[in-house]
Engineer: 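Below is one structure. I have some questions about it.
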Protein chains: 2
Amino acid sequence: MSSIRDVASRAGVSVATVSRALTGRGKVSAATKATVQAAARELGYVASVTASSLASGRTRNIGIVMPTVGRWYYSSVLQAVASELNGAGYDLTLYITENDEQFRHKIFADFLLRKRLDAVISVTLRPTDHELRQLKKVGRPLLAVGGIIPGVATVRVDEVSIAELATEHLLSLGHRDIAFIGSPEVVDADFQLTSSRERGYLRAMEAAGITPPAEWRISADFTTAVAYQRARNILVNPRFKPTAFFCASDEMAFGAIMAARDLGLSVPQDISVIGIDGHEIGELFGLTTIAQFPAAQGSAAALKTLALLGEIELESDPTESFLSTEFVARFSTAPPPA
Amino acid sequence: MSSIRDVASRAGVSVATVSRALTGRGKVSAATKATVQAAARELGYVASVTASSLASGRTRNIGIVMPTVGRWYYSSVLQAVASELNGAGYDLTLYITENDEQFRHKIFADFLLRKRLDAVISVTLRPTDHELRQLKKVGRPLLAVGGIIPGVATVRVDEVSIAELATEHLLSLGHRDIAFIGSPEVVDADFQLTSSRERGYLRAMEAAGITPPAEWRISADFTTAVAYQRARNILVNPRFKPTAFFCASDEMAFGAIMAARDLGLSVPQDISVIGIDGHEIGELFGLTTIAQFPAAQGSAAALKTLALLGEIELESDPTESFLSTEFVARFSTAPPPA
DNA sequence: CTGAAAGCGCTTACAG
DNA sequence: CTGAAAGCGCTTACAG
């Protein structure tokens, strides 16, 4: 592979000029610029980012940390971030914590501090105060998506409010026995979403004068399979007959619908189901849901990050207000059976 | 942030010794090593990978390129690769081509050549010969997962054979009118899987003396939604009554099953459906399928890459033979209706 | 607009 | 086992 010196000698200029001509930083005459570009092209020269980073302090690489990549929300955010960042010439380095506390810590305490990143985007993760301080010390922008990190710019939807809305929808249909699927399984360090959505559910229920018993708040890990099992357990329980499920994610709602069907129940005649997300497949299930737009969230986060790095200017700051959501009424909710 | 010099002066040794003590390369006495490590800990020192890369030529960063991250197979491979690599102290830089030919080329012709990567893993993508040559010039290992790149070590299952097996299963049940869902939609540059699976289908059909008409080979993009629509179109078509669907992926099989149900048909009484993948949700659908294990593929690819970089030794080479698959018989296939 | 030179923060032969 | 020094391949004040 040719280096900047090869390009310089072929173009008959200094390496400094090559650098300026190719990066666009600093003044170069149009003529020399053309000569240099031609020389670079002929040699198939690609600058070493590693050398460039060390010299300039900019890595043109952004880190993203998320709990998993196997669920719709996360893969959607990731895809949008990658697209936006690569489009701007940036690399994206991915860290998946996998809900493993120790591994999460290793990522925050070691990987993220290696000065390989110009910025880091944290998706629904909440670093500890110590980790936050460490990150602050490296002096690189930190940006959050979904879930709030104190003192950190965050791209998000109004979790509590949309959960409240979903619950209100069910209440307005006449439901009172509404079970919530998606309580945190363990301490909710990572998936703050969960607890906010549960909070919205509780708020709406209480506003309607209902205090849901503990059994109505069903823990699940946001996967379809676990939600299926939980829903099934409930539906066969003679002591507990909800008329509606509010699932904290569409993927869990799919599980609930499948469980009902497998037990010979009709949705929504026998039981109503509502989700949150706006997963494409929801349409096939006729799922009523509140759509959030993870791709929009990811791209907003990427753009905001690029803005923080001075690469672009933003008309408005996507971290200053909630991103929009949309109530999608389909066929999985109806008044409770008489 | 403290640098290697800070650590050196605090430990009372040279920077060379700090480097040796911390990286483990070269000889250092146990005593000095301990002193250095203590000093590093006290200062919260984390070496700059950027500087280290430039000096050593090793970046401890591996690139992975895939068409999408939004489908089960890809997210599963990705998660396993990330886990294995991060565990070994490596970073993972992700590139998503999004089925965009131009963008794909930009990644291969520019991003991958920036000397930021020690190796690259390409998942079901086939670089052009020119791109391959470029990559070869940077002298970094290239590894493929799924789909074969000439001259490149590849981790894969026997696509043709498992597709043949799925088809044979249907044939052995007595089906003859078997439609294949998952033909390539466009030229199959990226998703080579598709065509191999179709080839297996054709081979089995021909061995049974059946030449499937073109309409039996239904194109789809591997998403549930599109497969649903395609299956539905077929099932209402009075001129074309298959008794079984062989779907090239489980996610498409879910769509086919849902389409059948929505039309009031029973699976498998009215129509049989078989998939390929081993998606967790398959169990909820009672889907008969041939499981491949993307996590195993991802982790094999990561380990092989690490081996190529001299980080570890492998007992056996996972690219030398097909990885294993498993026939999973559930409830979506049965003899055709009389 | 262009060049010479210092420097980014490490690693690694080379000596000892 | 340890240190002094060169060097990795760029960028960027500083002069001109």
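The chains referred to below are lettered A, B, ... by the order of the sequence lines, with proteins before strands, and numbering in each begins at 1. Please read all numbers here as calculations on a predicted model, not as lab measurements.
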Engineer: Taking the side chain as C-beta and beyond, is there a heavy-atom pair between Lys115(A) and Thr50(B) under 4.5 Å?
Structural biologist: no
Engineer: May I have the distance from Arg5(A) (atom CZ) to dA5(C) (atom P), rounded to whole angstrom?
Structural biologist: 13 Å
Engineer: Does the side chain of Thr17(A) get closer than 4.0 angstrom to OP1 or OP2 of dT2(C) through an N or O atom?
Structural biologist: no
Engineer: In this structure, how many angstroms lie between the P atom of dA6(D) and the CG atom of Leu54(B), rounded?
Structural biologist: 17 Å
Engineer: Taking the same atom, C1', in dG16(C) and in dT12(C), what whole-Å distance lies between them?
Structural biologist: 16 Å
Engineer: So what does Val13(A) touch, heavy atoms closer than 4.0 Å: a base, only the sugar-phosphate, or nothing?
Structural biologist: sugar-phosphate
Engineer: Please pick, from dT11(D), dG3(C), dG9(C), the nucleotide with the shortest atom-to-atom distance to any side-chain atom of Thr23(A).
Structural biologist: dT11(D)
Engineer: Rounding to a whole Å, what distance do you find between Arg60(A):CZ and dT11(D):C1'?
Structural biologist: 14 Å
Engineer: How would you label the contact of Arg20(B) with the nucleic acid (heavy atoms, under 4.0 Å): base, sugar-phosphate, or nothing?
Structural biologist: base
Engineer: Lys33(B) or Arg25(A): which one's nearest nucleotide on DNA chain D is closer to the 5' end?
Structural biologist: Lys33(B)
Engineer: Tell me which of Ser29(A) and Val15(A) sits closer to the 5' end of DNA chain C, going by the nucleotide each one is nearest to.
Structural biologist: Ser29(A)
Engineer: Measure CZ/Arg116(B) against P/dC10(D) and give the value in whole Å, please.
Structural biologist: 13 Å
Engineer: Compare side-chain N and O positions of Ser19(B) against OP1 and OP2 of dT11(C) and report whether any pair is under 4.0 Å apart.
Structural biologist: yes
Engineer: Out of dT2(D), dA4(D), dG3(C), which has the shortest distance to the side chain of Ala16(B)?
Structural biologist: dA4(D)
Engineer: Would you say the side chain of Tyr73(B) lies within less than 4.5 Å of the side chain of Val123(B), judging by non-hydrogen atoms?
Structural biologist: yes
Engineer: Are any of Ser3(B)'s side-chain N or O atoms less than 4.0 Å away from OP1 or OP2 of dG9(C)?
Structural biologist: no
Engineer: Output yes when Arg60(B) and Asp118(B) qualify as a salt bridge under the 4.0 Å nitrogen-oxygen rule, no when they do not.
Structural biologist: no
Engineer: Counting side-chain heavy atoms from C-beta on, which of dC10(D), dG9(C), dC1(C) comes nearest to Thr32(A)?
Structural biologist: dC1(C)
Engineer: Between Ser56(B) and dC8(D), is there a side-chain N or O to OP1/OP2 distance below 4.0 Å?
Structural biologist: no
Engineer: Expressed as a whole number of angstroms, how long is the span from Lys27(A):NZ to dC14(D):P?
Structural biologist: 18 Å
Engineer: Using 0.5 Å steps for rounding, measure from the OG1 atom of Thr97(B) to the NZ atom of Lys106(B).
Structural biologist: 13.5 Å
Engineer: Checking contacts here: which listed nucleotide (dC10(D), dT2(D), dG9(C)) is nearest the side-chain heavy atoms of Ile4(A)?
Structural biologist: dC10(D)
Engineer: OP1, OP2 of dT12(D) versus side-chain N and O of Arg58(A): anything below 4.0 Å?
Structural biologist: yes
Engineer: If I take atom NZ in residue Lys115(B) and atom P in nucleotide dC8(D), what distance separates them, rounded to the nearest angstrom?
Structural biologist: 13 Å
Engineer: Measuring from the side chain of Ser14(B) (C-beta onward, heavy atoms only), which nucleotide among dG3(D), dT11(C), dC10(C) has the closest atom?
Structural biologist: dG3(D)
Engineer: Nearest 0.5 Å, please: how far is CD1 in Ile64(A) from CG in Leu117(A)?
Structural biologist: 11.5 Å
Engineer: It should be established whether Tyr45(B) places a side-chain nitrogen or oxygen under 4.0 Å from OP1 or OP2 of nucleotide dC10(C).
Structural biologist: yes
Engineer: What I want to find out is whether Asp129(B) reaches Arg133(B) closely enough, with some N-O distance under 4.0 Å, to be called a salt bridge.
Structural biologist: no
Engineer: Starting at atom CG of Asn61(A), determine the distance to atom C1' of dC10(D), rounded to an integer number of angstrom.
Structural biologist: 17 Å
Engineer: Counting only Watson-Crick pairs (N1-N3 plus N6-O4 or O6-N4) and G-U wobbles (N1-O2, O6-N3), all under 3.5 Å, who is the partner of dC1(C)?
Structural biologist: dG16(D)
Engineer: Take the protein atom CZ of Arg114(A) and the nucleotide atom C1' of dG9(C), then report the distance between them rounded to whole Å.
Structural biologist: 16 Å
